[in-house]
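One structure below.
Quick caveat, the model's predicted, so the values are computed rather than measured.
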Amino acid sequence: MADPKRTDDLRVMPWWHVLIGVLLAIVLGWLVLDWLLGEANRATGVDVRAILRVDAIRTGLTVVAGTGGGLALLLAARRQWLSERSQRHQEFTAARDHSHRERIQEHTEQVAATSQKNQEEQARRAEYDATERRVTDLFTKAVDLLGSDKAAVRLGGLYALERLAQDNVSQRQTVVAVICAYLRMTDEPDRSPEAGHERERAHTTGSEQEDEVRDKPSAANHEDEVRRSAQRLLTRHLHADTPDSYWPEVRLDLAHTRLVDFDASGCTLADADFTGARFVGTTRFAKARTEGRLTLTRAHFGQATTFEGLTTSGDVMLDESVFDGDATFDRATFGGEFSARRASFASASFSEATFDKTATFDHTSFKGTTSFRSSAFHSGLSIERGRFADYAGFRSTRFEDMAFFRWTAFEGDAYFENAVFEGAVNLGRAEFHARASFAGATMKRRPNIDHVRAAANQTHVWPPGTTAEKEDDDWIVLVDHRA
């Protein structure tokens, strides 16, 4: 950019500069003419002198004219220079004014944008505060409804919480936690025999008490309906195949809760804690998916329970759980560790199940028929000090790592026909009270059969290289002749 001080220095030539130039031209012409005339006067001939004088005058006038022309060219050059300077000055001034206007415009736009941003921020904060107050108010009112002694009012509170969570993503985990807490805090009405005796005595103590006791079963039924509604509310929003109503990544804390006909079929669960929960009626986790840990430690399952087609990526904990009815895990895929230590199964089926990591059933009791047919253990299996009171089926089961059955009692028939053992097999001190069959089984490593006993009155099929010797009238002992 040009220097403003230099560009603005456009001085006008004074008039006397022009006058001096004209006088200099005349003086120069006069001097030249005088000199030429003096030279012409030196000529001897009259005619020659006259011609020389005329040439001298012509030359002097030419000098004067040339000097004047030079001065005119100089003035024209200066005029052109001044014109260019003026044009550059105008361009500089225009550029400076344009830049100034642009800075003013930019500043104006910046001020407007800042003002707009501040207004939007204030509006957003006001809207956020209004929304938070509205959400808090709705949440408080819904929770108050859950505390009502009327079942219909409590149902209204549940549905109000559901609408609140559906419309406000940030409130979903809080709403789920409140509903889980409601299920934990409200327990089954007293249906014990003592309560029945009280109802009988009420018939003899007056109509008022009789009416009060008569209403108790109805209240119990209403409470169960509210519980089922709360359960359905939770599971309804755990189906990933319905994105409009799906609440992802919510955690369930239903520890020490009584759940009635709980149905999580097809649900996608994050971390779910059912520690010490009591499952009344039929329980379903069929084709459910878990993305975190599924904890069912010390849970009690009353009737049939199905985990058929369950897919897990985290650990499954069933330690000390009790299954009073049939438990079905057919075609389940356990991506994390599976632990059922000291559990109790009335009957269990793990047919075609897949265990990617270690599965543990130590000290577990299987009271009824148990089947692991065609299941696959990609990691270790441990059933130490277990008890199979009835049929135990491991037909076509694949053990890719170690399989431990130490100190385990097989009181019913035990079938390992066509099973494949690729890792270490330990049957040390196991007892087979009924028929045992390893027909067609493949063992890539020599099994540990230390102190294995079997009923002497049964027909058994042992792994190749293994024979039995009589211990007494009731028992035979396995002997490995390859040792």
If we ignore hydrogens and angles and just use 3.5 Å, is the side chain of [X] paired with the main-chain N or O of [Y] as donor and acceptor?
{"X": "Asp315", "Y": "Gly336", "value": "no"}
{"X": "Thr108", "Y": "Ile104", "value": "yes"}
{"X": "His433", "Y": "Ala389", "value": "no"}
{"X": "Ser148", "Y": "Val153", "value": "no"}
{"X": "Thr257", "Y": "Ala255", "value": "yes"}

Would you call [X] and [Y] a side-chain contact if the rule is heavy atoms closer than 4.5 Å?
{"X": "His239", "Y": "Ser245", "result": "no"}
{"X": "Arg163", "Y": "Gln166", "result": "no"}
{"X": "Asp324", "Y": "His300", "result": "yes"}
{"X": "Phe404", "Y": "Asp362", "result": "no"}
{"X": "Phe399", "Y": "Val425", "result": "no"}
{"X": "Leu234", "Y": "Leu183", "result": "yes"}
{"X": "Thr275", "Y": "Arg298", "result": "yes"}

Evaluate the salt bridge (Lys or Arg N to Asp or Glu O under 4.0 Å) criterion for residues Lys117 and Glu121: first the C-alpha distance (whole Å), next the side-chain angles of each, then the deciding distance (0.1 Å), finally the verdict.
CA-CA 6 Å; Lys117 184 177 180 180; Glu121 180 66 17; over 6 Å; no

Would you name the heavy atoms of [X] and [Y] that are closest together and state the gap between them?
{"X": "Phe279", "Y": "Thr283", "answer": "CB-OG1, 3.2 Å"}
{"X": "Asp261", "Y": "Gly281", "answer": "OD1-CA, 3.3 Å"}
{"X": "His378", "Y": "Asp356", "answer": "CD2-OD1, 3.1 Å"}
{"X": "Arg435", "Y": "Thr459", "answer": "CG-O, 2.9 Å"}
{"X": "Ala160", "Y": "Ala142", "answer": "CB-CB, 3.9 Å"}

From [X] [atom1] over to [Y] [atom2], what is the distance, rounded to the nearest 0.5 angstrom?
{"X": "Lys287", "Y": "Thr306", "atom1": "NZ", "atom2": "OG1", "result": "10.0 Å"}
{"X": "Arg236", "Y": "Gln231", "atom1": "CZ", "atom2": "CD", "result": "12.0 Å"}
{"X": "Leu145", "Y": "Thr140", "atom1": "CG", "atom2": "OG1", "result": "11.0 Å"}
{"X": "His363", "Y": "Arg341", "atom1": "NE2", "atom2": "CZ", "result": "9.5 Å"}
{"X": "Ile179", "Y": "Leu146", "atom1": "CD1", "atom2": "CG", "result": "7.5 Å"}
{"X": "Leu381", "Y": "Glu400", "atom1": "CG", "atom2": "CD", "result": "12.5 Å"}

Pair Glu417, Ser437 - check side chain to side chain donor-acceptor pair (under 3.5 Å), show working.
CA-CA 6 Å; Glu417 296 173 343; Ser437 175; 3.1 Å; yes

Partner of Phe350 by ring pair (Phe, Tyr, Trp, His ring centres under 6.0 Å), out of Phe307, Phe361, Phe366, Phe394:
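Result for ring pair (Phe, Tyr, Trp, His ring centres under 6.0 Å) with Phe350: Phe361.
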
Can Arg258 and Asp224 be said to form a salt bridge (Lys or Arg N to Asp or Glu O under 4.0 Å), step by step?
CA-CA 10 Å; Arg258 184 177 66 89; Asp224 276 351; 3.1 Å; yes

Which of parallel (below 30°), tilted (30 to 60°) and perpendicular (above 60°) describes [X] and [Y]?
{"X": "Trp462", "Y": "Phe432", "value": "perpendicular"}
{"X": "Phe421", "Y": "Phe416", "value": "tilted"}
{"X": "Phe377", "Y": "Phe372", "value": "tilted"}
{"X": "Phe405", "Y": "Phe410", "value": "tilted"}
{"X": "Phe323", "Y": "Phe345", "value": "parallel"}

For Gln110 and Glu106, test the side chains for any donor-to-acceptor distance below 3.5 angstrom and give the result as yes or no.
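Side-chain D/A pair, Gln110 to Glu106: absent.
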
Under 3.5 Å, is there a donor-acceptor pair between the Glu120 and Gln116 side chains?
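Looking only at side-chain atoms, Gln116 and Glu120 do form a donor-acceptor pair, the distance falling under 3.5 Å.
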
According to salt bridge (Lys or Arg N to Asp or Glu O under 4.0 Å), does anything in residues 370-391 pair up with another residue at least two apart or in another chain? List the pairs.
Glu384-Arg406, Arg387-Glu411

Residues Asp330, Ser349; criterion side chain to side chain donor-acceptor pair (under 3.5 Å); working and verdict:
CA-CA 6 Å; Asp330 295 345; Ser349 176; 2.5 Å; yes

Using a strict threshold of under 4.0 Å (side-chain N to carboxylate O), is an ion pair present between Glu225 and Arg154?
no

Test log, rule salt bridge (Lys or Arg N to Asp or Glu O under 4.0 Å), inputs Arg251 and Asp271
CA-CA 5 Å; Arg251 300 177 300 279; Asp271 289 338; 5.7 Å; no

Please check if the number of heavy atoms outside Asp473 that lie under 6.0 Å from its CG is greater than 12.
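No, because the 6.0 Å sphere around CG of Asp473 holds 12 heavy atoms or fewer from other groups.
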
Crowded around Glu471 CD? As in, over 12 foreign heavy atoms under 6.0 Å?
yes

Using the rule given for side chain to side chain donor-acceptor pair (under 3.5 Å), can you reason through Asp326 versus Ser347, listing the C-alpha separation, both sets of side-chain angles and the distance that settles it, and then say yes or no?
CA-CA 5 Å; Asp326 296 339; Ser347 66; 2.4 Å; yes

Between Thr235 and Phe262, does the side-chain contact (heavy atoms from CB on, under 4.5 Å) criterion hold? Intermediate values first, please.
CA-CA 9 Å; Thr235 57; Phe262 186 76; 4.0 Å; yes

